[in-house]
Amino acid sequence: MSQVSITLPDGSSRSVPAGTPVRDVAEGISPNLARAALAAVVDGRLVDLSYPLQKDGAVRIVTDKSPEALPLYRHSTAHLLAAAVTNLFPGTQCGIGPATDEGFFYDFVVERPFVPEDLELIEKKMKELATQDLPYERQLWPREKAKEFFAARGEPLKVQLIEEKTEGQKEVSCYTIKDPDTFIDFCVGPHVPSTGKLKAFKLLNTSNAYWKGDARNAPMQRIYGTAFVSDKDLKGYLTQIEEAKKRDHRKLGKELGLFIFHPWAPGATFWDGKGTVLYNTLASYMRDVLLPTGWIEVKTPLVYNKALWEMSGHWQHYRQNMFLIESENEQMGMKAMNCPGQYLLYASRTHSYRELPLRFHEQTPLHRNEASGVLAGLTRVRQFAQDDGHSFLMQDQIGDEVERMLGLVQRVYGDFGLEYTAKLSTRPPDFMGEIATWDSAEAQLKSALDKSGQPYTISEGDGAFYGPKIDFDITDAIGRKWQCATIQLDYNAPERFDLKYIGPDNREHRPIVIHRAIFGSFERFIALLIEHYAGAFPLWLAPVQATVLPIADRHIEYAAGVRDRLKGAGLRADLDDRQEKIGFKIREAQLQKIPYMLVVGDREAAEGTVSVRERSGGDKGSSSIDPFIAAARDEIANKGRVERAAGHPAPDAMRVTSFQ
RNA sequence: GCUGGCGUAGCUCAGUCGGUAGAGCAGCUGAUUUGUAAUCAGCAGGUCGGGGGUUCAAAUCCCUUCGCCAGCUCCA
């Protein structure tokens, strides 16, 4: 028998008979490694331990310390789930069951939807199968035979998958778990060697899903779960989820008195006093960022005649998401986007090429009649306002303009210390316009991204039909990604609205539009900020920046004077003049996450000082009032950024609402 | 919109087998005048999300509707 030469990660090599399974290689290295082995990487490919080595190459054994371990565990646990389900619910059809970033899921076609009690049963069965340490066995079936097998078993979805995924192949790969029913699944693998390796998993929830994610297809039942290499990791994950729930913006919004919702206005926010301060501070901040950089703030109507929506195409494509109104037999629609209104404004006069890029920005409210099931706190609402801008420009200005926009995004997100990811989406199959124009636009977007130093991924074919775009996502407390900032090129709208500018040649030309938002929507951005800061806003954003806490009634007069001086200096200050002990007032102020508590008693009243308590730092000792005000204003100007507070002045003094 | 779950006082939650509803906090009143995370006492507060049904009797069982939550589909 011929020999093959394999190289191990430590650089050593050894020779084994051709056809030797990698399991034996692990065995040959050490019995401990063999016990810990889950799979192997052979020439960069993840394979089963049973994989027979046929040619020379590099071999690395995967154990639970390897980066490949987690997805492997999760995928194998998904199979274990399917085995348990088909065991408990005979006749169940299996769909797909991949590993995800957080765990895994498996989709099934079942007689009746799963209920929570089913999950307990299923998880128990999974544990039972895991205890039996049943091997995952890889089998190569002739393609036609596999199709016949699954067809006979009443699994048409599997037959469909085999047809689509293995076209031209003679053999297809299947995996069995020899449970009482012998669970067989069509799957490329690889898998852990046996169910006994799976020790830390938990089923989390169920939901409905559609075959291939298409709502026109058969509804299926999805079971979500997660798996980790150790019980400790699993517990850690579950605690982390619990912790994250504490910073959920819906919970904090209620506790901090920021906003409420009411059943009579689903998806529309009632901003309470404190929330309104936060909202206005952000709106004002955005103006301060934009107005010096050439953006012109405008306000366009909220309700338009149907004619506008026909021209924009919304009537044809978006009507089911619009709130419609009737007025004197005319059909009107509330705006779901600002663009069409701004186009009318642009088109209302002639523009010279010398004006371009012309930049409109507005913060007026939008209404989208979203399906009830998609509403979610502030992150998905029916009424919201975007920091919505449109830049009208010439083709060769795209690169510079996008670069400036990227600079704005980086600066703004930097001011909040937010983590985000960027994604460039390119020409989709159903694009409009010329390929050459698209290529030029995409090249300019890429070049701008590269120049900005912004890391990004490319999503080929994911652009809008009217132009390529760059999207920015922020992750919420429970790990969901939300699109916030966006930069979208649009070649379609200027055509539809017959937008023009007069070029140097004294002729009419068609401008290009770039849609851009930095926050995305105020509502969603605030939701993510609340979770980002866990409700403890930096001083410049805190709805109440300082609260004065008199020790006894006789100090109220002095305390009120302190509060008034703070207010006079533009600080958002409160006074707690209730007849309560100081510990009680402090506790409440802490729970309200107020940055500064100013305790005043006999000593302070006599000396004209305040005793400063910091939200995070505790008692800071006494201070005269003016120095406290000066320090607070400094902290506000610096947006609470420690690195700047420590000696580096802010590059530009930002104004804050209360100072205006 | 789809599937599942949930909806009890302002908030957080109990409420067993169907027998007409309870706690803590908040609120109000009074006492207390307080030094860095909860002073004490009393009082008041409910169409058990809405509507319909079963029953001698419904927070509890059934139907329906609205809202919320998770996910799916869509999207800032």
Side-chain angles (χ1 to χ4, degrees), chain A residues 105 107 110 112-119 204-224 245 248 250-251 254-255 257 260-267 318 320-321 336-338 366 368-382 384-388 471-474 478 480 482-486 488 515 517-525 527-528 549-556 578-592 597-604 611-615 617-622:
Chain A
F105 65 81
D107 288 346
V110 279
R112 62 161 178 87
F114 296 115
V115 294
E117 295 75 56
D118 293 334
L119 281 196
L204 297 172
N205 53 33
T206 63
S207 84
N208 122 304
Y210 302 98
W211 176 238
K212 289 175 179 281
D214 191 330
R216 288 167 302 189
N217 287 339
M220 303 183 76
Q221 289 295 313
R222 176 172 295 181
I223 296 180
Y224 280 92
K245 281 183 187 160
D248 188 312
R250 291 165 293 200
K251 182 173 151 63
K254 197 183 284 180
E255 288 171 3
I260 61 130
F261 287 95
H262 192 277
W264 288 353
Y318 202 76
Q320 71 286 358
N321 272 314
M337 324 198 162
N338 291 307
L366 303 175
R368 295 185 188 175
N369 198 0
E370 300 284 359
S372 56
V374 307
L375 302 177
L378 287 178
T379 45
R380 190 79 183 268
V381 286
R382 287 189 175 144
F384 58 101
Q386 295 179 322
D387 56 327
D388 197 5
D471 290 326
F472 298 80
D473 288 348
I474 302 179
I478 57 174
R480 293 181 294 198
W482 296 97
Q483 189 192 310
C484 291
T486 185
Q488 303 188 4
H515 310 251
I518 303 172
F519 288 156
S521 83
F522 283 87
E523 281 72 7
R524 179 175 292 178
F525 194 75
L528 294 162
L549 311 178
I551 301 267
D553 285 357
R554 64 179 178 279
H555 309 122
I556 288 179
R578 293 175 300 175
Q579 287 185 18
E580 295 289 351
K581 289 165 78 166
I582 195 67
F584 179 85
K585 294 181 184 179
I586 286 172
R587 178 182 154 79
E588 295 236 315
Q590 285 287 154
L591 292 175
Q592 283 297 302
M597 285 147 268
L598 306 178
V599 178
V600 298
D602 289 335
R603 201 162 56 232
E604 290 77 12
S611 174
V612 180
R613 184 189 163 96
E614 221 174 53
R615 174 178 60 198
D619 193 349
K620 307 302 270 188
S622 74

Can you tell me if the side-chain N/O atoms of Gln483(A) get under 4.0 Å from OP1 or OP2 in C75(B)? no
Partner of A14(B) by Watson-Crick or G-U wobble geometry, both contacts under 3.5 Å, or none? none
How would you label the contact of Arg380(A) with the nucleic acid (heavy atoms, under 4.0 Å): base, sugar-phosphate, or nothing? base
Side-chain heavy atoms of Ile260(A) within contact of Lys254(A), under 4.5 Å: no
Scanning all shown strands, the Watson-Crick or wobble mate of A21(B) with both distances under 3.5 Å is none
Does Ser611(A) get its side chain close enough to the base of U36(B), under 3.5 Å, for a donor-acceptor pair? yes
Rounding to an integer number of angstrom, what distance separates G19(B) and C48(B) when you compare their P atoms? 16 Å
Mind checking if Glu370(A) touches a base, just sugar-phosphate, or nothing, with heavy atoms under 4.0 Å? base
Go through the N and O atoms of the side chain of Arg368(A) and the base of C74(B), and report whether any donor-acceptor pair is under 3.5 Å. no
Taking side chain as C-beta onward, heavy atoms only, is Arg613(A) less than 4.5 Å from Gln590(A)? yes
To the side chain of Lys254(A), which of U33(B), U39(B), C11(B) is closest? C11(B)
Report which part of the nucleic acid Thr486(A) touches: base, sugar-phosphate, or nothing (heavy-atom distance under 4.0 Å, all strands). nothing
For Pro263(A) and for Ile586(A), find the nucleotide of RNA chain B with the closest heavy atom, then tell me which residue's nucleotide is more 5'. Ile586(A)
Looking across every strand, which nucleic acid part, if any, lies under 4.0 Å from Glu580(A) by heavy atom: base, sugar-phosphate, or nothing? base
Check the distance between A76(B)'s P and Leu378(A)'s CG and give it to me in whole angstrom. 17 Å
Leu375(A) atom CG is separated from A76(B) atom C1', nearest whole Å, by 13 Å
Among Asp388(A), Asp471(A), Asp473(A), which residue satisfies the side-chain hydrogen bond (donor to acceptor under 3.5 Å, both in side chains) criterion with Thr486(A)? Asp471(A)
Select base, sugar-phosphate, or nothing to describe what Glu614(A) touches, counting heavy atoms under 4.0 Å on all strands. nothing
Using a 4.5 Å cut-off on heavy atoms from C-beta on, say whether the side chain of Phe261(A) contacts that of Leu378(A). yes
Looking at G71(B), U36(B), U73(B), which one has an atom nearest to any side-chain atom of Asn208(A)? G71(B)
Assign Gly213(A) to base, sugar-phosphate, or nothing according to its heavy-atom contacts below 4.0 angstrom with the strands shown. sugar-phosphate
How many whole angstroms separate atom CG of Asp248(A) from atom P of C11(B)? 17 Å
When we call it a touch if two heavy atoms are under 4.0 Å apart, what does Leu591(A) touch: a base, just sugar-phosphate, or nothing? base
Of Tyr318(A) and Tyr224(A), the one whose nearest nucleotide on RNA chain B sits closer to the 5' end is Tyr224(A)
The side chain of Ala209(A) is closest to which nucleotide in this list: U12(B), U34(B), C72(B)? C72(B)
Tell me if a side-chain donor or acceptor on Glu523(A) pairs with a main-chain N or O of Ala385(A) at a distance below 3.5 Å. yes
Expressed as a whole number of angstroms, how long is the span from Gln488(A):CD to C75(B):P? 11 Å
Phe384(A) on top of A76(B)'s base, within under 5.5 Å and under 30°? yes
With the side chain of Asn205(A) defined as its heavy atoms from C-beta on, choose the nearest nucleotide among U33(B), G27(B), A70(B). A70(B)
The nucleotide from C11(B), U33(B), U73(B) with an atom nearest the side chain of Tyr210(A) is U73(B)
Once you apply the 3.5 Å cut-off to both distances, tell me the Watson-Crick or G-U wobble partner of C68(B), or none. G5(B)
Is a donor-acceptor pair below 3.5 Å formed from side chain Glu604(A) to base G35(B), judging by atom type as modelled? yes
Could you tell me whether Gln590(A) contacts a base, only the sugar-phosphate backbone, or nothing, with contacts defined as non-hydrogen atoms closer than 4.0 Å? base
Look at all strands and tell whether Gly377(A) reaches a base, only sugar-phosphate, or nothing, counting heavy atoms closer than 4.0 Å. sugar-phosphate
Pairing nucleotide - A41(B), Watson-Crick or G-U, each distance under 3.5 Å: U29(B)
Go through G27(B), G4(B), A38(B) for me and flag the one nearest to the Pro113(A) side chain. G4(B)
Ser521(A) side-chain proximity, nearest of C72(B), G35(B), A76(B): A76(B)
Could you tell me how far apart Gln320(A) (CD) and C75(B) (P) are, to the nearest whole angstrom? 10 Å
To the nearest angstrom, how far is Leu549(A) atom CG from U34(B) atom P? 17 Å
Would you mind reading off the distance between Arg250(A) atom CZ and U12(B) atom P, rounded to a whole angstrom? 13 Å
Would you measure the distance from the C1' atom in C69(B) across to the matching atom in G49(B) and give it in whole Å? 15 Å
Side-chain heavy-atom pair Gln320(A), Asn369(A) within 4.5 angstrom cut-off: no
Looking at every strand, decide which applies to Gly583(A) at a 4.0 Å heavy-atom threshold: base, sugar-phosphate, or nothing. sugar-phosphate
Pair Glu588(A) + Arg578(A), salt bridge at N-O below 4.0 Å: yes
Using whole Å, report how far CG of Asn321(A) lies from P of C75(B). 9 Å
Report which part of the nucleic acid Asp602(A) touches: base, sugar-phosphate, or nothing (heavy-atom distance under 4.0 Å, all strands). base
Name the closest nucleotide to the Arg587(A) side chain, picking from A37(B), A76(B), U3(B). A37(B)
Note, Leu366(A) side chain near Phe384(A) side chain (heavy atom, < 4.5 Å): yes
Among the candidates C75(B), U34(B), U36(B), find the nucleotide nearest to the side-chain atoms of Arg613(A). U36(B)
Applying a 3.5 Å limit to both distances, which nucleotide forms a Watson-Crick or G-U wobble pair with U34(B)? none
With rounding to whole Å, what would you report as the distance between A38(B) and A26(B) at their P atoms? 12 Å
Picking from G4(B), A70(B), C68(B), which would you name as closest to the side chain of Pro266(A)? C68(B)
CE of Met597(A) to NZ of Lys620(A), rounded to nearest 0.5 Å, is 11.5 Å
Report the base-pairing partner of U60(B) (Watson-Crick or G-U wobble, both distances below 3.5 angstrom), or none. none
